[in-house]
Structures are given as C-alpha cells and as structure tokens.
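Quick notes on the structure that follows.
Worth knowing before you read on, the calculation uses all heavy atoms, side chains too, and leaves out hydrogens, waters and symmetry mates. Protein chains get the first letters and strands the later ones, always in sequence-line order, with residue 1 at the start of each.
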2 protein chains.
Amino acid sequence: MSGKEIRRSMPLFPIGTVMQLTELTARQIRYYEEHQLISPARTDGNRRMFSLNDIDRLLEIKDLIDQGINMAGIKQLFLIKVQQQNKVETQTEKVKQELTDEQLRKLLRNELMHSGRNNRSTLRQGDMSRFFH
Amino acid sequence: MSGKEIRRSMPLFPIGTVMQLTELTARQIRYYEEHQLISPARTDGNRRMFSLNDIDRLLEIKDLIDQGINMAGIKQLFLIKVQQQNKVETQTEKVKQELTDEQLRKLLRNELMHSGRNNRSTLRQGDMSRFFH
DNA sequence: AAACCATGTTAGAAAATCTAACATATGATT
DNA sequence: AATCATATGTTAGATTTTCTAACATGGTTT
C-alpha cells in the first residue's frame, strides 16, 4: 500500500504547464480557483501545483464556459455531478449487499476489468483518458 | 493528426516535481544531463522541463547507479538498448514485407491490442505504466 | 598520496509565480 | 442611455524556483 505512484490526484504541474495544456491564461485559472471551481495544492513556497484531476476539471470548465454557462452555473453542475456519483455508489452498495459471495466475486472481477475507476462522468467529457499512450 | 494530447515525450514537469518523483537531487539530475544520459527540454527562460520518458529514464539510471554502474557504463547500456530496439524493428519490418495483406492486418490488429508501444524495455523496468490508474 | 567520481553546498542572477489593484469589454438591468 | 456585474487583461512589487559556475568532500582507483 506504499511505493511511488502517480495518481490522478497528485499535484505535479505548475501553472505554466497547465496553461499550455488547457490553453487558459493564468488569470483565468486563478479566477476559477477564486470561485472554488478548483482547489489546486500549494508548494511550501505557495506556488500552485495541479493534478491530472485539476486539469480534467479545467477542461470541463472551459467547455462549459464555451457553452455560455457562468461560474455559478458551473458550480451547481459540479455539485449535481457528485450527487449523481454518490447516488450511483450507494445504489451499487445496495445491490452488492444482496449478492452471494460467489456472485460478488464475479462482479468485482468484472468491475476491475472494465470501468477505469469512478471517472465515468455524468457530464460531458473532459477527462484525460484519451490522452495517454 | 492534431489536438491536445499528452505524450510520453511532452515536456511537462519542472525539476522540482521530478525530484519528488524520482527522489533524486537537482544536482544529480543535472549531473546526469551533463553526461548526456538525459536531454530534458528547456523553456524559453532556460528552465528544464521533463517528460514522462525523461522520468522513466531517471528511474532506470537510479536503478543502475544502485547496482554500482557508473556514467560510462550506463551510457553504454542505453546505447545497446537502442540498438536492440532497432534490431527488433528492422526484424519486424522484414517479417512484414513477407506477409500478405490479410496476414498483415491480423498482425497489426494484434500489435495494437497488446504491447503498449515500444516501451517494453530491454533492460529492467523503469517505465511508468505501473503508475497510472 | 594523487587523481577521479559522484554528489553536496554556496552565491548571484534570471525566470516563474504570487497577490492585489486597477482597467476594460460584453451583456444584462434599470 | 446609463449603470452594473462578470470575466478577463494588465501592471507592479514581492517571493520562490531554477539556473550556472565554482569550490568542497568522501570514496575509489591508480
């Protein structure tokens, strides 16, 4: 349960890299943080460090902005998204409760093979699964 | 053939991030560059920017150093590695030449399904496929 | 011991990022 | 039309991060 791994939530990128990757300006990125659409980590020296998840989120934000949605709207959409997510999860829990051990094993095996863990979004795209080779 | 993608060769990480990820000091990283074991990109402002490939390589270097191999030895090993790689590739080429179109299609299909593109190393591990979730 | 190798440490300069403030274009509200 | 709010641009000054270059040092090799 230890060892060096890169997780989607690991803060790895400085704002300059994120600017390139998202084609957003530093001003925009900071503004979205100000409105709590993202919460990048900070170094000891107070520089923002972004994770892959942060970048995903920024791409989603960009998309929604392009669709004319404002800060408040985007915040709401994100809220709804987690709710949906939670709903799905408790639903899954419930189903699992009803399964026999044998059935459970099959289900888990299947779950591991497919679905890349949670990241299936309720909204549009914006995740980076399409990126890595 | 365009669009924003993250490639293993894209320079994304500043040296600070690489230090964390590899547990090498800045001094070490720069020293290895000096000896041409890596060639990180530079920003307009001359700051080093590392790709996933660079990080892989640094992890390999670290490993080889731990095994007591020196700069010259590592450089040689890397040289041999590309030669091996090239050999495999021309071999593959040759084989493909001899195939019918039908056979070729099958082979390509297979190649796409398995083997994550080139990164199977001749040496030990050191690639980051194990990292991402 | 002398030389060499890999790394540590330091100093001074330059680049990247930070916050805060003010500026401005666009669209909505009165 | 005048005003307001929103999202973003721009600037200034401070701080952090990274850079190169030089010198220091503990092990190895000769």
Side-chain angles (χ1 to χ4, degrees), chain A residues 10-52 54-55 57-79 126, chain B residues 10-55 57-79 123 126:
Chain A
M10 279 189 75
L12 299 175
F13 309 100
I15 201 169
T17 298
V18 177
M19 289 171 65
Q20 287 187 186
L21 252 30
T22 60
E23 291 179 284
L24 293 167
T25 66
R27 183 65 165 94
Q28 286 176 301
I29 295 170
R30 297 194 191 108
Y31 187 70
Y32 303 152
E33 180 187 21
E34 196 177 330
H35 286 265
Q36 320 188 43
L37 301 183
I38 49 171
S39 304
R42 298 288 182 132
T43 66
D44 289 345
N46 198 38
R47 270 83 242 273
R48 272 167 265 253
M49 289 297 273
F50 299 78
S51 67
L52 288 171
D54 289 328
I55 294 177
R57 203 152 230 255
L58 284 169
L59 291 172
E60 288 188 46
I61 293 171
K62 201 184 175 194
D63 224 77
L64 296 171
I65 292 260
D66 282 351
Q67 296 172 51
I69 303 171
N70 66 9
M71 298 295 106
I74 296 175
K75 200 186 294 191
Q76 270 308 305
L77 283 173
F78 284 163
L79 260 177
Chain B
M10 279 189 75
L12 299 175
F13 308 99
I15 200 169
T17 299
V18 177
M19 290 171 65
Q20 286 188 185
L21 253 30
T22 61
E23 290 178 285
L24 293 167
T25 66
R27 184 65 165 94
Q28 287 176 300
I29 295 170
R30 297 193 191 108
Y31 186 69
Y32 302 151
E33 180 186 21
E34 198 177 328
H35 286 264
Q36 320 189 42
L37 301 183
I38 48 170
S39 303
R42 298 287 182 132
T43 65
D44 289 344
N46 198 38
R47 267 86 242 273
R48 273 167 265 256
M49 288 298 272
F50 299 78
S51 68
L52 289 171
N53 281 337
D54 290 327
I55 294 175
R57 201 156 236 253
L58 285 170
L59 291 172
E60 287 188 46
I61 293 171
K62 201 183 175 194
D63 225 77
L64 296 171
I65 293 258
D66 282 351
Q67 295 173 52
I69 304 170
N70 66 7
M71 298 295 106
I74 296 175
K75 201 187 292 193
Q76 271 309 305
L77 283 173
F78 283 162
L79 260 177
L123 298 171

Which residue lies toward the 5' end of DNA chain D, A:Ala26 or B:Ala26, if each is placed at its nearest nucleotide?
A:Ala26
By a strict heavy-atom criterion of less than 4.0 Å, which residues belonging to residues 37-47 of chain B are in contact with DNA chain C?
B:Thr43, B:Gly45, B:Arg47
Output all residues satisfying side-chain hydrogen bond (donor to acceptor under 3.5 Å, both in side chains) with B:Ser51, sequence neighbours left out; order by chain, then residue number.
B:Asp54
Nearest heavy atoms of A:Ile65 and A:Ile74, plus distance in Å
CG1-CD1, 3.9 Å
Side chain to side chain contact (heavy atoms under 4.5 Å, CB included) against B:Ala26, all qualifying residues, sequence neighbours excluded:
B:Ile15, B:Met19, B:Arg30
Can you measure A:Tyr32 atom OH to D:dG9 atom C1' for me and round it to whole angstrom units?
13 Å
When rounded to whole Å, the NE2 to C1' distance for the pair A:His35 and D:dA7 reads 8 Å
Worked verdict on B:Ile61 versus B:Leu24 for side-chain contact (heavy atoms from CB on, under 4.5 Å):
CA-CA 10 Å; B:Ile61 293 171; B:Leu24 293 167; over 6 Å; no
Rounded distance in Å - CZ (A:Arg30) to P (D:dT8)
14 Å
Nucleotide D:dA7, atom P - distance to CD1 of A:Ile29 in whole Å
16 Å
Assuming nearest nucleotide by heavy-atom distance, tell me which of A:Pro14 and B:Ala72 is located more 5' along DNA chain C.
B:Ala72
Can you list everything that forms a salt bridge (Lys or Arg N to Asp or Glu O under 4.0 Å) with A:Arg47? Sequence neighbours excluded, please.
none
Starting at atom CD1 of A:Ile15, determine the distance to atom P of D:dT17, rounded to an integer number of angstrom.
14 Å
Those residues at least two apart in sequence (or on a different chain) that pass side-chain hydrogen bond (donor to acceptor under 3.5 Å, both in side chains) with A:Gln20 are none
Listed partners of A:Thr43 passing side-chain hydrogen bond (donor to acceptor under 3.5 Å, both in side chains), at least two apart:
none
First and last nucleotide of DNA chain C touching chain B, 5' to 3', heavy-atom cut-off 4.0 Å?
C:dC5 to C:dA16
Quick one: list whatever passes salt bridge (Lys or Arg N to Asp or Glu O under 4.0 Å) with B:Arg42, sequence neighbours left out.
B:Glu33
Within 45 degrees of the ring normal and closer than 6.0 Å to the centroid, is that where the cationic atom of B:Arg57 sits relative to B:Tyr32?
no
Going by the rule side chain to side chain contact (heavy atoms under 4.5 Å, CB included), which residues pair with A:Thr17 if we only count those two or more places apart in sequence or in a different chain?
A:Phe13, A:Pro14, A:Leu21, B:Leu12, B:Met49
Minimum heavy-atom separation for A:Lys62 and A:Glu23, please, with both atom names.
NZ-CB, 3.5 Å
Whole-Å distance, B:Phe13 CZ to D:dT18 C1', equals 18 Å
In whole Å, I'd like the distance from the CZ atom of A:Arg48 to the C1' atom of D:dT17.
16 Å
Do any N or O atoms of the protein come closer than 3.5 Å to N or O atoms of nucleotides 26-30 of chain D, and which pairs are they?
none

Over how many whole Å does the gap from A:Ile74 atom CD1 to D:dA7 atom C1' extend?
11 Å
